[in-house]
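Convention: sequence-line order gives letters A, B, ...; per-chain numbering from 1.
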Amino acid sequence: MTDIIYPSSKIYIASSSLPKAGLGVFAREEIKEGEIIEESPILVIPEESLSNLVKTPLRDYYFAWGKGFLEGAVVFGYGSLFNHSYEPNAKYIKDLENNLVQFVAIKDLKQDEEILVNYNGHPEDKTKVWFEARNQR
Amino acid sequence: MRVFPDKGRGIFALEDIKQGEVIEIAPVLVFSPKESDYVMQTQLRDYVFQWASNKSAAALGYGMVYNHSDNPNAYYQKREHRQDMIYIALKDIKAGEEIIVSYGDHWWKKRGVNPL
């Protein structure tokens, strides 16, 4: 059990550099490849509640969670605000045991660079993410 | 923030915070009245805040992690025009002290509980 989580001092929140993306997370300072950017605690949403959650704007924010990814996780801290890219500069690691999501730099980041993750999980996975698929229908 | 396995989570001051200092500004995600009904049927029911016109809102950042007391050392203001919540110290807070806000009577009554 992780006892203490420190809010990240490496990031700030501002309007995204991407079109129509709302807020985004930016590097407050240079961040080196491999550095932990933030650890975000989560709230588990069991399978039976997920059908209600997806009827709200949280459908675009929650993470698939649990064995078989049938549960959801609402991510506190700034974990919900990272935007998506197929050319990400960070990745997330789900820690199912400690109910945390860890965000880690996969490239050196410059100060004021927007921090982006691939919502497919694997940084190189080019599968269309759900909101792109939805917009094409 | 510290996590206590039995008490849930809480927010703690990393350093001394003076009365009137801004502790955090948390962006919010606003739910329509209908969406609010759905949110209240999930585990988030204990985390969301009432918002204007029968809407509700989830606070990002650490906005949903502050605990409640009737003797708080901080307060929050909902800034509907900015879609955020601002957390401000009501008293001087020492490093290591838990930061506690009052959710207000309405929060408890809506959930069928009389506030302590």
Requested in this report: Count the heavy atoms belonging to other residues, nucleotides or ligands that lie under 6.0 Å from CD of A/Glu30, then report whether that count exceeds 12.
Outcome: no
Requested in this report: Decide if atom NZ of B/Lys78 counts as having more than 12 heavy atoms of other residues, nucleotides or ligands within a radius under 6.0 Å.
Outcome: yes
Query - B/Leu29 side chain reached by A/Leu58 side chain, heavy atoms, under 4.5 Å - result: yes
Query raised in the report: Would you say B/Ile88 and B/Tyr66 are hydrophobically clustered, going by side-chain heavy atoms of ILVMFWY under 4.5 Å?
Result: no
Query raised in the report: Going only through I, L, V, M, F, W and Y residues with side-chain contacts under 4.5 Å, is there a path from A/Val25 to A/Val104?
Result: no
Report task. Determine the minimum heavy-atom distance between A/Asn52 and B/Thr42, stating which atoms define it. Result -> CB-CG2, 3.8 Å
Report task. Answer with yes or no whether the hydrophobic clustering places A/Phe131 together with A/Tyr92; edges join I, L, V, M, F, W, Y residues whose side-chain heavy atoms lie under 4.5 Å apart. Result -> yes
Query - Ring geometry between B/Tyr47 and A/Phe76 (parallel below 30°, tilted from 30 to 60°, perpendicular above 60°) - result: tilted
Query raised in the report: When you look at CG of A/Asp108, are more than 12 heavy atoms from neighbouring residues, nucleotides or ligands closer to it than 6.0 Å?
Result: yes
Query raised in the report: Any idea which of A/Ser80, A/Pro46, A/Gly79 has the most non-hydrogen atom pairs under 4.5 angstrom with chain B?
Result: A/Pro46
Report summary line: Minimal heavy-atom distance between B/Glu35 and A/Lys55, with the atoms involved, is CG-O, 3.6 Å
**Report entry** Portion of B/Leu60 that has a non-hydrogen atom of chain A nearer than 4.5 angstrom
**Finding:** both
Report summary line: Looking only at A/Ile42, A/Val75, A/Ile13, most heavy-atom pairs under 4.5 Å shared with chain B are made by A/Ile42
Query raised in the report: Got a second to check how far B/Phe12's CZ is from A/Ile5's CD1, nearest 0.5 Å?
Result: 12.0 Å
Requested in this report: Establish whether A/Tyr119 and A/Phe69 are linked, either directly or via other cluster members, by ILVMFWY side-chain heavy-atom contacts under 4.5 Å.
Outcome: no
Query raised in the report: Where do A/Pro57 and B/Phe31 come nearest, in terms of heavy atoms and distance?
Result: CD-CD2, 3.4 Å
Requested in this report: State whether the number of non-hydrogen atoms from other residues, nucleotides or ligands found under 6.0 Å of A/Tyr12 atom OH is greater than 12.
Outcome: yes
Query raised in the report: Does atom NZ of A/Lys126 have more than 12 heavy-atom neighbours, drawn from other residues, nucleotides or ligands, at distances under 6.0 Å?
Result: yes
Report task. Using the rule that two of Ile, Leu, Val, Met, Phe, Trp, Tyr join whenever any of their side-chain heavy atoms come within less than 4.5 Å, decide whether A/Tyr61 and A/Leu50 are in one cluster. Result -> yes
Query raised in the report: What part of A/Leu81 gets closer than 4.5 Å to chain B, counting heavy atoms only: side chain, backbone, both or neither?
Result: side chain
Requested in this report: Against chain B, label A/Val44 side chain, backbone, both or neither, depending on which of its atoms sit under 4.5 Å from a heavy atom there.
Outcome: backbone
Query raised in the report: Step by step, would you call B/Gln43 with A/Ser49 a side-chain hydrogen bond (donor to acceptor under 3.5 Å, both in side chains)?
Result: CA-CA 8 Å; B/Gln43 283 58 30; A/Ser49 298; 3.0 Å; yes
Requested in this report: Measure distances from A/Leu23 to the heavy atoms of chain B and classify the residue's part below 4.5 Å as side chain, backbone, both or neither.
Outcome: side chain
Query raised in the report: How close do A/Tyr78 and B/Ile25 get, heavy atom to heavy atom, and via which atoms?
Result: OH-O, 4.0 Å
Requested in this report: Quick one: do A/Tyr6 and B/Leu14 satisfy side-chain contact (heavy atoms from CB on, under 4.5 Å)? Show the steps, please.
Outcome: CA-CA 9 Å; A/Tyr6 292 97; B/Leu14 266 178; 3.3 Å; yes
